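Comments concern the structure below.
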Amino acid sequence: MSTYLLVHGAWHGGESWDRVVPLLASAGHRVLAPSLTGYGDKTHLKSPEVGLDTHVDDIVGLITEEDLTEVVLVGHSYAGLVVSSVANQVPDRIGHLVYLDAMVPEDGESAADVQPVTRNLIEQAARSGSGWRIPPLPEMPPPFGLFGVTDPADIAWLRTMLSDQPVRCLQQPVRLDNPAMDAIPRTHIHCTVKPEGIARRPVAPIQPNGAPARVWELPTGHDCMITMPAELTDLLLEC
C-alpha cells in the first residue's frame, strides 16, 4: 500500500480530487486530499497573510501529524511550488514527487518567476479594492474552457469550489537548499490542451537523482483530475 497526498492548485480545493481519490483507494492505497488554508473547508481562514509558506506548513504539518512516510506527493499547477518546498523540508518522508501540469521552480523562485503570466494577476490584485485577492481565471471558449474543463455539468461543479487566491501565494519564493531532496524520484505529467501564453519549462533529460526523466502526457486541459480521472489514476499508480 502506498500513501498518496494530493495537493490542489490555486483557486481550487481538496474536493477537486473527488474523482481520483476513490480510484486510488479502490486499488488499495491510502489517499489524502486536503484543502489548503483559504480553500474548501478552510475558506474562512483566507486572509492577506496567507501565502506559499502557509500552504507548505499545511502539508508538512499533515505529514508529520499523520506520521506519513514514502509519500507519493502530487502537486497540481501552483502546488508544484508547494510540494517542492515540502520535499525540501521533509525529504526523508517523500517517496516520489509528481508534478501534475505544475510549476517547477528553482531555489529562490516565486510563482511569478516560474509562470510570468502571474505577474499580471499580481498587478490586478494591487489595483483591486482588496489589494490582495485574485479572483479565479475566467472561462475561455472551447477547447480551453474553465481551467481546461468544458463539459457544462463539470464546469458548474468546478465553480462551486473555486475561490480567490491570496496574492502572497504568488509572491513568496521557494527554498530548495536541502541536497537530500535530490534523491527523490520525480514524474512530470503534462496536459497538452493549453492556451497561448501559458509557459512550460522543458524538463531536464536527467533527474537530480541521476535517473532518466519521466514525462507523461494527457490529451486534455489543465484540470485533468476532473476531465480524465481514470487515465490520471492509471499514471499515478505507476509512480
Side-chain angles (χ1 to χ4, degrees), residues 2-26 29-68 71-87 89-90 93-94 98-103 111 121 125 128 130 132-139 146-149 151 153-172 222-227 229 232-233 236:
S2 297
T3 297
Y4 286 84
L5 178 45
L6 312 176
V7 186
H8 66 81
W11 300 291
H12 291 58
E15 61 266 43
S16 62
W17 300 101
D18 279 0
R19 295 177 179 176
V20 173
V21 169
L23 298 177
L24 289 171
S26 67
H29 303 292
R30 184 180 184 187
V31 191
L32 298 92
S35 288
L36 299 170
T37 295
Y39 302 96
D41 58 353
K42 301 183 180 72
T43 300
H44 61 289
L45 300 176
K46 195 188 307 287
S47 76
E49 286 71 42
V50 171
L52 173 63
D53 291 348
T54 311
H55 295 156
V56 173
D57 289 346
D58 288 341
I59 301 303
V60 171
L62 177 61
I63 290 172
T64 54
E65 288 166 13
E66 296 288 331
D67 195 23
L68 305 178
V71 175
V72 180
L73 183 59
V74 183
H76 179 239
S77 194
Y78 151 79
L81 281 74
V82 178
V83 300
S84 295
S85 295
V86 169
Q89 289 195 28
V90 288
R93 292 180 176 269
I94 309 303
V98 181
Y99 291 93
L100 179 58
D101 218 35
M103 299 183 186
L121 302 178
S128 70
S130 70
W132 62 274
R133 300 178 76 108
I134 302 175
L137 299 178
E139 183 179 349
L146 184 63
F147 294 99
V149 178
D151 178 82
D154 287 347
I155 289 175
W157 177 54
L158 176 56
R159 289 191 187 281
T160 67
M161 70 183 79
L162 297 178
S163 61
D164 292 352
Q165 175 89 343
V167 69
R168 198 171 185 185
C169 299
L170 306 182
Q171 295 172 318
Q172 286 187 320
H222 189 54
D223 279 4
C224 58
M225 70 288 293
I226 294 174
T227 60
L232 172 59
T233 299
L236 294 178

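What you see is a predicted model; the values in this text were computed from it and never measured.
Side-chain contact between Leu236 and Leu23 is absent, with no heavy atoms from C-beta onward closer than 4.5 Å. For the pair Leu162/Leu146, a side-chain contact is recorded, criterion being any heavy-atom separation below 4.5 Å from C-beta on. Side-chain atoms of Trp157 and Val149, non-hydrogen and from C-beta on, never get closer than 4.5 Å to each other. When side chains are defined from C-beta on, Arg168 does not count as touching Pro48, because their heavy atoms never get closer than 4.5 Å. Side-chain contact between Cys169 and Thr54: absent, with no pair of heavy atoms (C-beta onward) separated by less than 4.5 Å. The shortest distance between side-chain heavy atoms of Ser47 and Thr37 does not fall below 4.5 Å.
Remark: Glu66 CD to Leu32 CG distance equals 6.5 Å, nearest 0.5 Å. Of the inter-residue distances, the one linking Asp164 atom CG with Lys46 atom NZ reads 6.0 Å to the nearest 0.5 angstrom. Taken to the nearest 0.5 Å, the CG atom of Leu52 stands 9.5 Å off from the CG atom of Asp57. To the nearest 0.5 Å, atom CG of residue Leu73 and atom OG1 of residue Thr3 are 11.5 Å apart. Between Asp53 atom CG and Gln172 atom CD the span is 4.0 Å, to the nearest 0.5 Å. Atoms SG and CG, on Cys224 and Asp101 in that order, are 6.5 Å from each other to the nearest 0.5 Å.
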Under the side chain to side chain contact (heavy atoms under 4.5 Å, CB included) rule, what do Leu232 and Leu100 come out as? Steps first, then yes or no, please.
-> CA-CA 9 Å; Leu232 172 59; Leu100 179 58; 3.7 Å; yes

Go through Val98 and Val72 one step at a time and tell me if the side chain to side chain contact (heavy atoms under 4.5 Å, CB included) criterion holds.
-> CA-CA 7 Å; Val98 181; Val72 180; 4.0 Å; yes

Please lay out, stage by stage, how Ile59 and Val83 fare under the test side chain to side chain contact (heavy atoms under 4.5 Å, CB included).
-> CA-CA 8 Å; Ile59 301 303; Val83 300; over 6 Å; no

Test side chain to side chain contact (heavy atoms under 4.5 Å, CB included) applied to Trp132 and Glu49, step by step | CA-CA 9 Å; Trp132 62 274; Glu49 286 71 42; over 6 Å; no

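Nearest approach of Phe147 to Leu137, heavy atoms of both residues: CZ-N, 3.9 Å. Taking all atoms of both residues into account, the shortest heavy-atom contact from Asp41 to Ser35 is OD1-CB, 3.5 Å. Heavy atoms only, all atoms of each residue included: Ser163 and Gly38 are closest at OG-O, 3.9 Å. Minimum interatomic distance between His29 and Ser2 (heavy atoms only, all atoms of both residues): ND1-N, 3.0 Å. The shortest non-hydrogen separation linking Val31 to Ala25 is CG2-N, 3.8 Å. Of all the heavy atoms in Ile134 and Ala125, the pair that sits closest is CG1-CB, 3.7 Å.
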Between side-chain atoms of residues 74-81 and protein atoms elsewhere (two or more places apart, or another chain), which donor-acceptor pairs fall under 3.5 Å?
{"from": "His76", "atom 1": "NE2", "to": "His222", "atom 2": "O", "distance (Å)": "3.0"}
{"from": "Ser77", "atom 1": "OG", "to": "His222", "atom 2": "NE2", "distance (Å)": "2.9"}
{"from": "Tyr78", "atom 1": "OH", "to": "His55", "atom 2": "ND1", "distance (Å)": "2.9"}

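Screening residues 5-20 for side chain to side chain donor-acceptor pair (under 3.5 Å) gives His12-Asp223, Arg19-Asp154 as the qualifying pairs, with residues at least two apart or on separate chains.
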